[in-house]
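What you see is a predicted model; the values in this text were computed from it and never measured.
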Amino acid sequence: MHFPVALSLLLSALPLVANAGPIQTAEIKSNVAKGLRLLSLAEGAEPVWKTEDEVFGLLRAGVKFFDVTEVYEEEQKLSSSRVAAKAAALATFPTSVSYKSVLTPILATVSTSNMQSKLSTLSSFNNRYYKASTGASASTWIKDTIADYISTYKRSDVTVSLYAHSYVQSSIIAKIPGTNKAGPVTILGAHMDSINLSNPTSGRAPGADDDGTGTVNLIEAFRVLLAAGFKPTNPVEFHWYAAEEVGLLGSQAIATNYKSSGVNVRAFMQLDMSGYFKPGTTEVMALQADYIDANLNTFLKALITAYSRIPWAMDKPCGYACSDHASWYKAGFPSAFPYEAVTGNDNPNIHKAADTTSVSGFSWAHSLEFAKIAVAFAYELAI
């Protein structure tokens, strides 16, 4: 999910349910029981209550938002430390790579055919909507796929588990421990859900690019690292998020939990769409310019220069709550987001049945570069 839109669309066209002051637990419980959702529509603005139909209206208008219904109270508790958290996000990162001689042969093992096979299965679910049984089944399939790799490569130290939410779809978290168990965690994320905005609950939504590509990039990066016997100094985690398409629900829940639990996050990188660039345009990795850590972006430029056959380019501002990296940024952690193309040259087929690998402009050779960068990101930051 990625495209900026003028906020005036929603402010002028859609009714808001106003709040005054901090929202109390009783009000949250009462409104949730009525089917309302609490949405944050802009940075610094008070969240507002919306009906499900209004939520779908915002999505169809291309308006991005955080659905904070389930994290609002915890975020209020953390708000006193938010300034310190944002300051901590200005971390230092390398400005050049350190392990090219080791990584080059490892990156040569990243397999397009593996990703094709995995995406074929993933996109065969009718949809991966967060309230649908097929959405829940897709989560279980990803977890089982990762568990198979753990077994194949005999890594009893590595774990994978479902992260349950209040809806039927789970997020998935795989953990590769570091020899320094208390060290800072490097996290790579993608969202595994999909949506058809014409018929969200049951419409066909293969989600091949949004975000099937990012999902299989991370599955393959995980496989490659285990196959290489990767045993980092500091921990590495791979996350596949539920319910990104309806307000970043899964990533917010996990990022807020990590902040509340005091988890030391070294860096977070999101892969959300990596398989398309507009025919006739220059092939690049587009780096998001907002809601990211500038120093981490500088490091990502070095990674791409060293390990990818395609160059990086700065994108237009991604906008508020445009993908899961924003959940980690909001929680005060350093985040980055390399994207398939400069906005405007990205995939126009998302959020409908047409989001398949058969569209003109879809390229496995392009997506392969993102999987390679995922491997390099984990290795360079955690070894």
Side-chain angles (χ1 to χ4, degrees), residues 1-3 59 62 110-130 132 134-142 145-146 169 171-172 188-223 238-246 250 270-279 281 283 285-286 322-324 337-341 343 345-374:
M1 178 177 75
H2 172 286
F3 45 91
L59 293 172
V110 178
S111 167
T112 298
S113 61
N114 281 347
M115 291 190 290
Q116 288 175 319
S117 173
K118 296 298 183 290
L119 186 57
S120 177
T121 298
L122 191 68
S123 60
S124 69
F125 291 97
N126 180 55
N127 62 44
R128 304 188 299 276
Y129 185 60
Y130 80 119
T134 50
S137 296
S139 291
T140 300
W141 177 81
I142 293 170
T145 298
I146 295 300
Q169 187 175 67
S171 296
I172 307 98
L188 298 95
H191 74 88
M192 49 72 55
D193 64 316
S194 67
I195 192 171
N196 183 323
L197 288 181
S198 296
N199 182 2
T201 57
S202 59
R204 175 77 176 119
D209 195 25
D210 188 14
D211 181 27
T213 48
T215 294
V216 300
N217 289 159
L218 293 194
I219 291 173
E220 178 63 3
F222 181 86
R223 182 199 69 80
F238 286 75
H239 295 185
W240 293 267
Y241 300 119
E244 184 268 357
E245 296 288 9
V246 290
Q270 172 77 352
L271 290 184
D272 185 353
M273 299 171 57
S274 68
Y276 177 98
F277 62 100
K278 186 177 180 179
T281 64
E283 185 181 10
M285 282 192 190
C322 79
S323 192
D324 292 307
F337 176 17
Y339 186 53
E340 65 184 11
T343 301
N345 295 338
D346 52 346
N347 198 330
N349 303 288
I350 64 173
H351 303 155
K352 49 193 173 184
D355 185 3
T356 70
T357 61
S358 64
V359 299
S360 177
F362 189 93
S363 167
W364 275 113
H366 186 65
S367 189
L368 176 72
E369 299 303 306
F370 289 80
K372 288 162 56 178
I373 291 304

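Here T145 pairs with K118, W141, Y149, I219 under the side-chain contact (heavy atoms from CB on, under 4.5 Å) rule; sequence neighbours left out. When the side chain to side chain donor-acceptor pair (under 3.5 Å) test is applied to S360, no partner is found at least two apart in sequence or on another chain. Taking A136 as the reference, V168 meet the side-chain contact (heavy atoms from CB on, under 4.5 Å) condition, with sequence neighbours excluded. Listed by chain and number, the residues in a side-chain contact (heavy atoms from CB on, under 4.5 Å) with S113 are S111, Q116 (sequence neighbours excluded). Annotation: side chain to side chain donor-acceptor pair (under 3.5 Å) contacts of T134 (sequence neighbours excluded): N127. In this structure S202 satisfies the side chain to side chain donor-acceptor pair (under 3.5 Å) test together with N199, sequence neighbours excluded. For F362, the ring pair (Phe, Tyr, Trp, His ring centres under 6.0 Å) test picks out W364, with sequence neighbours left out. Residues that satisfy the side-chain contact (heavy atoms from CB on, under 4.5 Å) test with S120, not counting sequence neighbours, are absent from this structure. With sequence neighbours excluded, the residues satisfying salt bridge (Lys or Arg N to Asp or Glu O under 4.0 Å) with E369 are R309, K372. Under the side chain to side chain donor-acceptor pair (under 3.5 Å) criterion, S171 pairs with H165, sequence neighbours left out. For the ring pair (Phe, Tyr, Trp, His ring centres under 6.0 Å) test, residues two or more places apart in sequence or in another chain that qualify with F370 are H366.
The CG atom of N114 sits 4.5 Å away from atom CD of E220, with the distance rounded to the nearest 0.5 Å. Here the CZ atom belonging to R128 is positioned 11.5 Å from the CD atom belonging to E244, to the nearest 0.5 angstrom.
In summary, of the residues considered (T112, N217, T357), a side-chain hydrogen bond (donor to acceptor under 3.5 Å, both in side chains) with S367 occurs for N217 alone. Of the residues listed (I172, L218, D211), the one engaging M192 in a side chain to side chain contact (heavy atoms under 4.5 Å, CB included) is I172, and it is the only one.
Residues L271 and L188 form no side-chain contact, since every pair of their non-hydrogen atoms from C-beta on lies 4.5 Å or further apart. Side-chain atoms of I146 and W240, non-hydrogen and from C-beta on, do get closer than 4.5 Å to each other.
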